[in-house]
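Could you have a look at this structure, given as structure tokens, before my questions?
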Amino acid sequence: MEKYNHKKIEKKWQEKWDKNKPYKAEDFSKKEKSYLLIEFPYPSGDGLHVGHPRPYIGMDVIARKRRAEGKNVLYPIGWDAFGLPTENYALKTGIHPKEVTKKNTDIFRKQIKSLGISFDWSREINTSDPEYYKWTQWIFLQLFKQGLAYKASVAINWCLSCKIGLANEEVTEGHCERCGGETEKRQKEQWMLAITKYADKLDKDLDDADYSESIKIQQRNWIGKSEGALIKFPISDSQFSIDIFTTRPDTLFGATYMVFAPEHRLVQDLKSQITNFDEVEKYINDTKKKTEIERMMEGKEKTGVELKGIKAVNPANKEEIPIFAADYVMVQYGTGAIMAVPAHDQRDFEFAKKFNLPIVEADLVDMDEVIEKVKGKKTIKYKLRDWVFSRQRYWGEPIPIIHCDKCGPVPVPEDELPVELPDVKDYKPTDSGDSPLANVEEWMNVKCSKCSRNAKRETDVMPNWAGSSWYYLRYTDPRNGKAFADKKNLKYWTPVDWYNGGMEHTTLHLLYSRFWHKFLYDIKKVPTSEPYQRRTSHGIILAEGGEKMSKSKENVINPDDIVEKFGADTLRLYEMFMGPFDQAIAWSTDNMIGVRRFLEKVWRLQEKVIDSKNNSETLLHKTIKKVNEDIETMKFNTAVSAMMILVNELENEKEVPKEVFETFLVLLAPFAPHTAEELWEKLGNSNSILSMKWPEYDSSKTVKDKAQIAVQVDGKVRAIIDISTDENEENIKEKALLDENVKKWTKDKEIKKVLYVNGKIVSIVTD
RNA sequence: GCCUAGGUGGCGGAAUUGGUUUACGCGCACGACUCAAAAUCGUGUGGAGAAAUCCAUGUGGGUUCGACUCCCACCCUAGGCACCA
């Protein structure tokens, strides 16, 4: 027998698959379709690390099982290629992001192919390809035409020395990550998408979605639907009044002060009446330097400043109450101002204690009555905010809008799409904070498509989230030049049957793509109201020490080295075996030896195979059942363990019937496809193992476990007794009481109760 | 701070969802094979104890005949917090 040679085997089968394309999805096949999706990778310059392929392997196991079940599987892959890291790399090196992306995707593709994952490579897409982003721009235009894209003034992070807008990630404690200089919040006009118009649908339709409960809860909390009322508080000696939003109008009598968010407009409007405005202004400026998380993190140490010289009137009891500006109130939520009820709200309580404000226990009154009394208005508010869609950057989809002095913002005509990214000299944003595209005169200056006067292109580009909000639709018809996908293809393939991705995408990406999908459904461009039938998540792989893998920490494990040394099948099997699929887990090359040994054991079993039918009872059918169930629930680790138990058993036998071994290989194939194919061929089969049907569990062929149950006395296990499965309860109880060890513990005691839980346990309770 | 997960041997983890804690794998120890080593195979392996037995699932309480599992409080770790992907 030849030694198990992973290099030879894996090369051989990967070449065959490349040639025969057994993983190609067939449009409109009569077979039942199964659309399986993983989050397409961002092709970073760091290359693939062993964490990337874990979700691909997990879904590959499912894809291969589905094919064996006779399904027409679509399991596609592409590149989420626009984004900040590539642009920053271009800034540093001057190399065009297009070239960087090309280089990185070439590396990623080669690495992924070396793992034998059954992607349909003929449908590969790239969000930075003009043929792709043409349709991202097209969707934006539809949103614009329906009034869901609009411009608004938004606070952005601004580096005072680099003079550019920064992503939150590029700001730490009020300082710019690149230059270390100070940053502040600055207002800037940005394109917005009105996702809040879909808040209710996005919330409600979760009811019927097959998402794990934690994903649903996290989305629901993010959307943050709350029912309450708007109540008007007049400002004394002034024509102004202020609406507040509260979910507890019944506590109105306990409102002893008011708080505005420091950015609240009324603070500026009331400037002339505020006697300590210098102090107030200083506080507002301090707030500008903090990020939102920093504001919240300060936790119990509340800060704020009283707006002296003005008072508000509590509409319930007409009492004058003081007004504060404090950063624990957020300007985006509700109306940006609250009534503070320290007796009933923890944060208000902490603030009141710090500023010595009265804490008044409110007589809870009937909600509806009080709302009517103070002429309030019942409302529903959401925590969800509209989506800031502009980036003053280069490496993204240009927003297809033309600004005309006369006509205002005008959409680029659809037949002129895509608006392609022009080459630029420098990837640095302009000093005014505009995108580097603003420096490309010949690109920017155009004629208005409505009135033909001189006009200017929008120079903002879209965020990375845009391309990833609809990519699963493109896979159904990736080369279509006339539409983002043909209706027939969409009808056949959508919705995605199973989408697996990272828990870190639960609130942003997942919600954004549901929003776009629902919008496309409303304008009748897709056939379903939800994009994904089922959503599951995986945990990330950490470095050996339990830290995140990153180039800077020099703890990255490259799959190339593992594949070279141990083989793709070992890597695949280990990534499935190492721990629960949905949890973060640390890599361990030492532990990986175990699955390699397992594969070698499987390899050696070929020597024991005899040409006969299976007569003896084995664990085979128990294993079929377990592996089958575990794949469906993504408990890949226990599926592998079940196969190990079977192989350990077979190894102890003198002979292994061919039928048993072949069935086992079909079970193994989704996990270790190269090894399974090779052994399958060695057994004399001329067809591929890929053509084999998934084995069915037959309960009549399982080994009958001898029943053994535990006997507890006062909650502690004192004996194990043998029972037969058909034995009746009285017999079992009697047997338990007669056991020597049980007697020892029940002696001199009065037996109060004897419980029998069917097939599980006898529990004896004494006095 | 808020939302979502998670915390079990020396290590990764398992536990039929309230019923024999530690499956499977790594490591370690001993044995077989070998001139020897590697590989492989076998046996053992939560802690304390001579044993009976006792103690162990982050910590402290509670419910229950019985709790890793349910409830309350707390501690720690990971993910997210809207311009990272």
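Any value given below was found using the heavy atoms of this structure, including those in side chains, with hydrogens, waters and symmetry copies removed. To find a chain, count down the sequence lines: A is the first, B the second, and so on, and within it residues start at 1.
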*Using side chain to side chain contact (heavy atoms under 4.5 Å, CB included) as the criterion, list what pairs up with A/Ile215, not counting sequence neighbours.*
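In terms of side chain to side chain contact (heavy atoms under 4.5 Å, CB included), with neighbours along the sequence ignored, A/Ile215 is linked to A/Tyr211, A/Ser212, A/Met503, A/Thr506, A/Leu510, A/Arg535, A/Ser537.
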_Applying side chain to side chain contact (heavy atoms under 4.5 Å, CB included), can you list everything that pairs with A/Ile645, at least two apart in sequence or on another chain?_
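Once residues adjacent in sequence are excluded, the partners of A/Ile645 under the side chain to side chain contact (heavy atoms under 4.5 Å, CB included) criterion are A/Leu619, A/Ser641.
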*Can you find a side chain N or O atom of A/Asn652 that sits less than 4.0 Å from OP1 or OP2 on B/G42?*
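Result: yes.
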_Could you work out, with side chain to side chain contact (heavy atoms under 4.5 Å, CB included) as the rule, every residue matching A/Val331, not counting sequence neighbours?_
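A/Val331: side chain to side chain contact (heavy atoms under 4.5 Å, CB included) contacts with A/Ala261, A/Glu263.
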*Mind telling me whether B/G9 is syn or anti, cutoff 90° either side of 0?*
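What B/G9 shows is a syn base, its glycosidic angle lying within 90° of 0.
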_One thing to verify: whether A/Arg393 and A/Glu170 come together as a salt bridge, which I'm taking to mean a side-chain N less than 4.0 angstrom from a carboxylate O._
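Answer for the salt bridge query: yes.
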*Could you tell me which residues satisfy side-chain hydrogen bond (donor to acceptor under 3.5 Å, both in side chains) with A/Lys625, sequence neighbours excluded, listed by chain and number?*
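Here the qualifying residues are A/Glu629.
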*Starting from P on B/C81, measure out to OH on A/Tyr512 and report it in whole angstrom.*
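Taking OH of A/Tyr512 and P of B/C81, I get 10 Å after rounding.
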*Apply side-chain hydrogen bond (donor to acceptor under 3.5 Å, both in side chains) to A/Asn126 and list each qualifying residue two or more places apart in sequence or on a separate chain.*
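For A/Asn126, the residues satisfying side-chain hydrogen bond (donor to acceptor under 3.5 Å, both in side chains) (neighbours in sequence not counted) are A/Ser128.
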I'd like a table of atom pairs between the protein and nucleotides 65-69 of chain B - only N or O on both sides, under 3.5 Å - with the distance next to each one.
{"residue": "B/C65", "atom": "O2", "partner": "A/Ser763", "partner atom": "OG", "Å": "2.4"}

*For RNA chain B, what dot-bracket results from Watson-Crick or G-U pairs at under 3.5 Å, with [ ] for crossers and | for inter-strand partners?*
(((((((..(((......[....)))((((((.......))))))(((....)))..(((((..]....))))))))))))....
*asked:* Holding to salt bridge (charged side-chain N to carboxylate O under 4.0 Å, His left out), I want the full list of residues that pass it with A/Asp386, two or more places apart in sequence or in another chain.
replied: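 A/Asp386 satisfies salt bridge (charged side-chain N to carboxylate O under 4.0 Å, His left out) with no residue once adjacent residues are dropped.
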*side chain to side chain contact (heavy atoms under 4.5 Å, CB included) partners for A/Ile761, two or more places apart*: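 By the side chain to side chain contact (heavy atoms under 4.5 Å, CB included) rule, A/Ile761 matches A/Ala710, A/Gln712, A/Val757.
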Polar atom pairs between nucleotides 37-40 of chain B and protein, under 3.5 Å, N or O only, would you list them?
{"residue": "B/U40", "atom": "O3'", "partner": "A/Arg604", "partner atom": "NH2", "Å": "3.3"}

*So, do A/Asp582 and A/His538 sit near enough that their side-chain heavy atoms are less than 4.5 Å apart?*
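A/Asp582 does not reach A/His538 side chain to side chain.
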*asked:* For a quick check, with a 4.0 angstrom heavy-atom cut-off, what is the B/S/- contact string for nucleotides 3-12 of chain B, read 5' to 3'?
replied: SSSS-----B
_Strand-adjacent residues in residues 625-640 of chain A, judged by heavy atoms under 4.0 Å from RNA chain B_ =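 Contacts with RNA chain B under 4.0 Å: A/Lys635, A/Asn637, A/Thr638.
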_With nearest nucleotide decided by heavy atoms, which residue, A/Gly546 or A/Gln392, maps closer to the 5′ end of RNA chain B?_
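Whichever sits nearer the 5' end wins; that is A/Gly546.
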